[in-house]
Amino acid sequence: MMPEDAQLPATQSARLRLAFDDDRDAETFLLRLDRYGPELLESLGAVYGEAAPDLYERLTDALVLGTHERPADLKRLDEARLLRPDWLQQEGMLGYVAYTERFAGTLKGVARHLPYLKGLGVTYLHLMPLLLPREGENDGGYAVQDFRTVRPDLGSMQDLSDLGRELRGQGLSLCLDLVLNHVAQEHDWAVRAQAGEAKYQAYFHMNPDREQPDAYERTLPEVFPEFAPGNFTWNEASQRWVWTTFNTYQWDLNWANPDVFLEFVEILMYLANRGVEIFRLDAIAFIWKRMGTDSQNQPEVHILTRALRSVLRIVAPAVAFKAEAIVAPGDLISYLGRGAHHGKLSDLAYHNSVMVQLWSTLASRDVRLFEAALLNFPPKPTSATWGVYVRCHDDIGWAISDEDAAQSGLSGPAHRRFLSDFYAGEYPGSFASGLVFQHNPRTGDRRISGSAASLAGLERAQALGDEAAKTLALERLLLLHAVTLGFGGVALLYMGDELATLNDYSFEGDPVHASDNRWVHRPVMNWERAAERYDPATTAGRMYGGLRGLIGARKRLPHLHASVEAEVFHSPNSAVLFLARRHPVGTLLGLYNFSEQPQEFPVSALTPHFERATDVISGATMPLVEKAIILAPYGRLWLTEEKRSG
Ligand code: GLC
């Protein structure tokens, strides 16, 4: 037995070696295959059972091809990243999230605006979906018709590679969405499935009758209860019910089919070889279906991610994964790799909870729920990184658990109702101008759309011409950004927020967007407004200047390296959030006043950490001799030990 077993890999490696002209390339490939191949095979075995060895064989051939196609400059990047495995965890990492067409018209236009991004300190650019989507409604591009074609109005695949190279040259990494859960019904696979081709029908979940769909429906939630109720759609052409979690035109893929896995490996390599450095794994939670469950966060999701990750570690180790899993904290943490998956899944995940708590605390002026949510949050693996953000292109769902609410003396349902009322601008005294998205009468959920500036009160203040209210709104925005920028991890700025951009109601007149009010916070970049960014007399300039100050201060804080976790301390003042980062280089304490009143903060809570402090944001030193320090309305401090010369 033994000799035969040992012989097999040797034969395989000899065969693979022959596939390379260059001995060094062969050596590198085989070393990586040695390292990650067993893991890959094991993952495939766990999901595909007996089909795994055959799949693995087909896969290694695909990997050789992918390696051949990887351009030399990206191979160099691979080597560089292997020398700096914590590149995504660096304290200065700053993401910018934008729609190509709304930011700059085309991909070439994005390159022209690179100085703008550099000026802001951006190191990572997430361009919203730009691969060919279906025509008409396409869920903001998340209904992809062809993964290998760029939207023609934005440019070509060549333009994408050129942009990737240009970004890289300037120290920015390109992030793109990879929609794993579904394709547009116009995608070639779906078209062939509709035409009755059995091979492609097996790429989807298709049923001739309602038996299976009804059985699944019993435990499935609804993602878009208003515009796409139910999870299955009748397809006339094939006479079948098709699984469609999101919109009726987005067909869920059947990842239990090894062919689907192989297709995505090829897509991943194709895009990675064109310079994509970070894949945002869209709606990853949904890719594996299991009867009797909500078909989210199933163990196979993680095994499949591990397999895809192993593939990239062999072909394109420079590449990282970002999980877009907007799920409960206990489930979320699994996307960063737990137990046997430690360090082997996504490198980055959205910290949805921080975003929700920021808005919740701004409305309540009470940090207790924020504290409970962070205290109950499972610890992050040291190799992983949070993506922290104030706003993104999606709505805000009030993901606040009843347990966390109860711990802070609140009722979960009542608080969630309050937040929807508050941000819809219906609550007495609310400063916000938001819109209700996807009201679900069954669960009572009312999610909220709206730009950060409008939700923080700037829209109302401007309409009233109320200067004091305007100042408060800007201070709120800077406060929220101070928390995300001071949290550690990749802070993600959402296009326009750096200029305090208001809601854009023009979507209502656009037939393709009118039914989806998330477009209210997906504005077109206003470059005239951007031109005012250095003028402190303008609203845009006040926001931009404040933000740039924070970004600059942040670069001086090694405490923010993401290997260290942010901690929450019980705050002696319920309006002030008290965060800490205890890094070997020293401690960083963040104080954030969530109220429009000045707040006292007892010095006795700081002196256990240091005697004299410096506020890194303002540069002021603080002797910490008085009984309390005073935080201005919405004031924020990043305190470190004062370094004394001599
Ligand atoms: C993600 C996207 C969202 C989209 C959904 C379906 O959640 O962020 O915009 O609607 O996936 O692809």
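When a ligand or atom number is given, it counts from 1 through the structure's own listing order.
Ring pair His182/Phe246 is tilted by interplanar angle, where 30° to 60° counts as tilted. Ring geometry for His341 versus His302: interplanar angle of 30 to 60°, hence tilted.
With sequence neighbours left out, Arg102 forms a salt bridge (charged side-chain N to carboxylate O under 4.0 Å, His left out) with no residue at all. Under the rule for a side chain to side chain contact (heavy atoms under 4.5 Å, CB included), the partners of Ser238 that lie at least two apart in sequence or sit in another chain are Gln201, Met206, Asn235, Arg240. Partners of Thr219 by side chain to side chain donor-acceptor pair (under 3.5 Å), not counting sequence neighbours: none found.
In summary, the aromatic rings of Trp243 and Tyr216 are positioned with their centroids under 6.0 Å apart.
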Could you tell me, for ligand 1, which of its N or O atoms are under 3.5 Å from any protein N or O, listing the pairs and their distances rounded to 0.1 Å?
from: ligand 1; atom 1: 7 (O); to: Glu324; atom 2: OE1; distance (Å): 3.3
from: ligand 1; atom 1: 7 (O); to: Glu324; atom 2: OE2; distance (Å): 2.9
from: ligand 1; atom 1: 8 (O); to: Arg280; atom 2: NH2; distance (Å): 2.9
from: ligand 1; atom 1: 8 (O); to: His393; atom 2: NE2; distance (Å): 2.9
from: ligand 1; atom 1: 8 (O); to: Asp394; atom 2: OD2; distance (Å): 2.4
from: ligand 1; atom 1: 9 (O); to: His393; atom 2: NE2; distance (Å): 3.0
from: ligand 1; atom 1: 9 (O); to: Asp394; atom 2: OD1; distance (Å): 2.7
from: ligand 1; atom 1: 9 (O); to: Asp394; atom 2: OD2; distance (Å): 3.4
from: ligand 1; atom 1: 9 (O); to: Arg518; atom 2: NH1; distance (Å): 3.3
from: ligand 1; atom 1: 10 (O); to: Asp139; atom 2: OD1; distance (Å): 3.0
from: ligand 1; atom 1: 10 (O); to: Asp139; atom 2: OD2; distance (Å): 2.7
from: ligand 1; atom 1: 10 (O); to: Arg518; atom 2: NH1; distance (Å): 3.3
from: ligand 1; atom 1: 11 (O); to: Asp282; atom 2: OD1; distance (Å): 2.8
from: ligand 1; atom 1: 11 (O); to: Asp282; atom 2: OD2; distance (Å): 3.2
from: ligand 1; atom 1: 12 (O); to: His182; atom 2: NE2; distance (Å): 3.0
from: ligand 1; atom 1: 12 (O); to: Asp282; atom 2: OD2; distance (Å): 2.8

